[in-house]
Visitor: 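Sharing a structure with you now.
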Amino acid sequence: VGLGQKIDDDILEKLEEAMIEADFGVETSGFLMDVVRSAWKNSTIETTDQVLPFLQKDLKHRLTHRGNALNFAKAGPSVILVVGVNGAGKTTSVAKLAWYLTSIGKKVVLAAADTFRAAAVEQLKTWSQRIGCEIVTGADRADPASVAHRGAERLLESGADVLLVDTAGRLHTQKNLMDELRKIHAACAAKKIEGAPHETILVLDATTGQNALNQADMFKQAANVTGLFLAKLDGTAKGGAVLTINERVEIPVKFVGLGEGVEDMQPFDADQFVDALFD
Amino acid sequence: AISSRFTDVWRKISGNATISEDNIKDAVRAIRTALLEADVSLAVVKNFTERVREKALGEDVLKGVRPGEQFIKIVHDELVNLMAEADTLDDQGRARLKFRGDRPTVIMMAGLQGSGKTTTSGKLALYLKKKWKKNPLLVAADLQRPAAVDQLEVVGKGIGVPVFADRKSTPPEVCFRALEAARKGGHDVVILDTAGRLHVDEDLMKEVQEIARRTQPDEIFFVCDGMTGQDAVKSAKAFDEKLPLTGAILTKLDGDSRGGAVMTVRAITGKPIRFVGISEKMDGLEVFHADRVAGRILG
Ligand SMILES: Nc1nc2c(ncn2[C@@H]2O[C@H](COP(=O)(O)OP(=O)(O)OP(=O)(O)O)[C@@H](O)[C@H]2O)c(=O)[nH]1
Ligand SMILES: Nc1nc2c(ncn2[C@@H]2O[C@H](COP(=O)(O)OP(=O)(O)OP(=O)(O)O)[C@@H](O)[C@H]2O)c(=O)[nH]1
Ligand SMILES: [Mg+2]
Ligand SMILES: [Mg+2]
């Protein structure tokens, strides 16, 4: 990229390929290339060194204009429901959110509503002990909605600030499991907490490709997803699918996962994220 | 579906008697788009479409066959040829693994975090028990993830397969000691369930190499999530460089992911895809069939 060098099709093709390789997807990459080409046509940008900064500025705006902060209840305690497909990083992300909320002075209660997978409750119990927060569990194979409900009741009686509900991994194509999720979502309010859950976080594995869009779509329909937790961004995957989700499903990224420990996380920083997309 | 995508592309070409450099451009572009949308990695797509282009140009258009249909057949056949491997199944349709007669066969599972290694270890143990009448021993070599050993123990209990666990030693130590335990216990297969790791984590990649060095596995399977996108080209390459992989297992293909990662892993590593995971349950493991996955990738 030489300073003052005129834009040509070669550099534009390279840019489109970089977006494809970052998991933007063919359609989103094509759409963004149209935006870049229009800017070139109306002379907003003229030289090759102007192309990437222009696109990055556009992306940063798209990813932040809806806000990226966690939703809390207007008054009283809050409930955060965590959902996603198998192995995405939900349980670990719940632990990270618990650590994060504790670090900003909130008292946290966990609900281990994955009553299905082998040692799922054990896994979250270990985290709750390490973080030092309370956990509500149910019997093996208990109805997950009942655990979420008891979690909400415990939230109210303990005077804690936030309830985090961990759920079992499920594919968005499994109708019965998505129906179960609807029930869990309804149980989060325990009929007494207005607006609960105040936040439904979809945990997305950064290595996931275009299927992420289907996940976001279906999970939003079943559980009103309001934010993304982009896990495993410490790998080589760029997580570009979040851009398509942001544009087409209107769900902003709220946190990123940067490792396997509870502190390996950050509230979403669009500048950092967009700059890293084209590294 | 790719066939509907092609009807428009080939409407332009159908008047012509031959597939030419000029009229094939759109068709190749359509294939490229379809494969990228299916999550096949860009480098693999470029290579593959070039192969298809050359093959299509080199063929005479068959009498009575529309050029478009012939082109799709070329694509489909090339895809199946790429992903298939001869002699991986016996005449009963069972996966022919490198079973040994002189000592327990060692099978090692490796891959990124959450790809399905622990679950697949259980599925494989059950498969070998039922289809090959083996007496497998599962080894809990993930000592970093909370309750990972517990998870494998619960899995083992559910399928009646014993689990070797030692929460005090290092993973390479555990695996090495497990071989002796297998011999003593009369087990003819040992399945090592290792911790998920990033291919860019130097220490953990060294650890998995150490496990392989100490146990000399007969099979090392790269377990990869079937929903993986472009990153598959990087993770598959790194694991293939660091370990003597003998095959791959693609999981979670019961969802609606197009599964392009299957093609990427096969193309990049050159190793055969041995199994696919098609459910969370212990019977959710199928031997790989290239033609089924080819149809799915092409959409
Ligand atoms: N490197 C890295 N690993 C992560 C991150 N988040 C989660 N993991 C790992 O990913 C694996 C799966 O994490 P889990 O939290 O068990 O995922 P899950 O979605 O709860 O899985 P299921 O409940 O089985 O659906 C574990 O090995 C985690 O340590 C991350 O941000 N970076
Ligand atoms: N639907 C479906 N789920 C699967 C499949 N294989 C594994 N899973 C689920 O995916 C999640 C992760 O599986 P694990 O076996 O814990 O993955 P792992 O690779 O051992 O994870 P780490 O040890 O943390 O790296 C669990 O919820 C499994 O039940 C599959 O083929 N289909
Ligand atoms: Mg979990
Ligand atoms: Mg595991």
Side-chain angles (χ1 to χ4, degrees), chain A residues 17-18 20-27 29-30 85-92 95 116-127 129-130 140 168-174 177 203-212 214-215 218 231-232 234-241 257 259-260, chain B residues 32-43 45-46 112-119 122 144-158 195-201 224-235 238 251-252 254-261 279-280:
Chain A
E17 291 196 346
I20 299 267
E21 289 182 307
D23 282 317
F24 277 48
V26 174
E27 191 177 322
S29 303
V85 301
N86 307 71
K90 297 174 294 300
T91 303
T92 310
F116 170 74
R117 207 210 67 207
V121 174
E122 256 348 274
Q123 185 185 3
L124 191 61
K125 252 194 186 152
T126 305
W127 282 121
Q129 286 161 3
R130 291 184 190 178
D140 186 33
R170 69 202 66 228
L171 296 181
H172 49 287
T173 47
Q174 292 169 309
L177 294 183
V203 180
L204 193 59
D205 187 327
T207 65
T208 305
Q210 298 314 296
N211 198 250
N214 295 16
Q215 292 176 24
M218 303 291 276
K232 307 175 195 170
D234 46 318
T236 50
K238 301 290 185 175
E260 301 192 66
Chain B
R32 172 191 155 107
T33 300
L35 293 176
L36 288 175
E37 286 176 343
D39 284 327
V40 182
S41 295
L42 183 62
V45 173
K46 284 182 170 179
L112 268 61
Q113 288 88 348
S115 63
K117 298 173 294 299
T118 302
T119 307
Q144 66 189 44
R145 167 175 154 154
V149 177
D150 301 57
Q151 184 186 3
L152 192 65
E153 285 178 333
V154 173
V155 165
K157 230 191 194 119
R197 67 201 68 228
L198 294 177
H199 48 288
V200 289
D201 186 324
C224 179
D225 191 320
M227 306 181 266
T228 307
Q230 294 292 315
D231 196 58
V233 73
K234 297 200 177 110
S235 55
T251 62
K252 309 176 201 171
D254 39 321
D256 60 359
S257 163
R258 293 270 293 276
S279 94
E280 255 187 298

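Proteins come first, then strands; the chains are lettered A, B, ... in the order of their sequence lines, and each starts at number 1. What you are looking at is a predicted structure, and each value in this text was computed from that prediction instead of being measured.
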Visitor: With a 4.5 angstrom heavy-atom cut-off, which part of B:Arg197 approaches chain A: side chain, backbone, both or neither?
Guide: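 Neither; nothing under 4.5 Å.
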
Visitor: Under 4.5 Å heavy-atom distance to chain A, tell me which part of B:Asp254 shows up: side chain, backbone, both or neither.
Guide: both

Visitor: Can you tell which of B:Ser235, B:Gly260, B:Ala147, B:Gly226 has the highest number of heavy-atom pairs within less than 4.5 Å of chain A?
Guide: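 The option with the most such pairs is B:Ala147.
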
Visitor: Heavy atoms only: give me the nearest A:Ala95-A:Trp127 pair and the separation to one decimal.
Guide: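 For A:Ala95 versus A:Trp127, the nearest heavy atoms are CB-CG, 3.5 Å.
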
Visitor: Which heavy atom of B:Gln151 sits nearest a heavy atom of A:Ala118, and at what distance?
Guide: CG-O, 3.5 Å

Visitor: Between B:Ser115 and B:Lys117, which heavy-atom pair has the shortest distance, and what is it?
Guide: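 What the structure gives for the nearest pair is OG-NZ, 3.4 Å.
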
Visitor: Of the backbone (N, CA, C, O) and the side chain (C-beta and beyond), which part of B:Glu280 lies under 4.5 Å from a heavy atom of chain A, both, or neither?
Guide: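 Only the side chain of B:Glu280 comes within 4.5 Å of chain A.
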
Visitor: Against chain A, label B:Leu152 side chain, backbone, both or neither, depending on which of its atoms sit under 4.5 Å from a heavy atom there.
Guide: neither

Visitor: Just give me the residue among A:Glu122, A:Gln215, A:Gln210 that pairs up with chain B most often, heavy atom to heavy atom, under 4.5 Å.
Guide: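 Most heavy-atom pairs within the cutoff with chain B belong to A:Gln210.
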
Visitor: Please classify the contact of B:Asp39 with chain A as side chain, backbone, both or neither, using a heavy-atom distance under 4.5 Å.
Guide: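 Interface part for B:Asp39: side chain.
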
Visitor: For chain B, which of A:His172, A:Lys125, A:Glu21 has the most heavy-atom pairs under 4.5 Å?
Guide: A:Glu21

Visitor: Using modelled atom types and a 3.5 Å cut-off, is there a donor and acceptor pairing between side-chain atoms of A:Asp23 and backbone atoms of A:Ala241?
Guide: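 It does not hold such a pair.
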
Visitor: A:Thr126, A:Thr91, A:Asp205, A:Asn86: which one forms the most heavy-atom pairs within less than 4.5 Å of chain B?
Guide: A:Asn86

Visitor: Between A:Lys232 (side chain only) and A:Glu260 (backbone N and O only), is there a donor and an acceptor less than 3.5 Å apart?
Guide: no

Visitor: Taking every heavy-atom pair that is under 4.5 Å apart, which of B:Asp150, B:Thr228, B:Asp256 has the most such pairs with chain A?
Guide: B:Asp256

Visitor: Out of A:Gln174, A:Arg117, A:Glu27, A:Lys238, return the one with the most heavy atom pairs under 4.5 angstrom to chain B.
Guide: A:Arg117

Visitor: Okay, side chain of B:Thr119, backbone of B:Gly116: is any donor-acceptor separation there less than 3.5 Å?
Guide: no

Visitor: Indicate the atoms forming the closest heavy-atom contact of A:Lys90 with A:Val85, along with that distance.
Guide: NZ-O, 2.8 Å

Visitor: For the side chain of A:Thr207 and the backbone of B:Asp231, is there at least one donor-acceptor N/O pair under 3.5 Å apart?
Guide: no

Visitor: Quick check on B:Lys46 against chain A: is it the side chain, the backbone, both or neither that has a heavy atom closer than 4.5 Å?
Guide: side chain

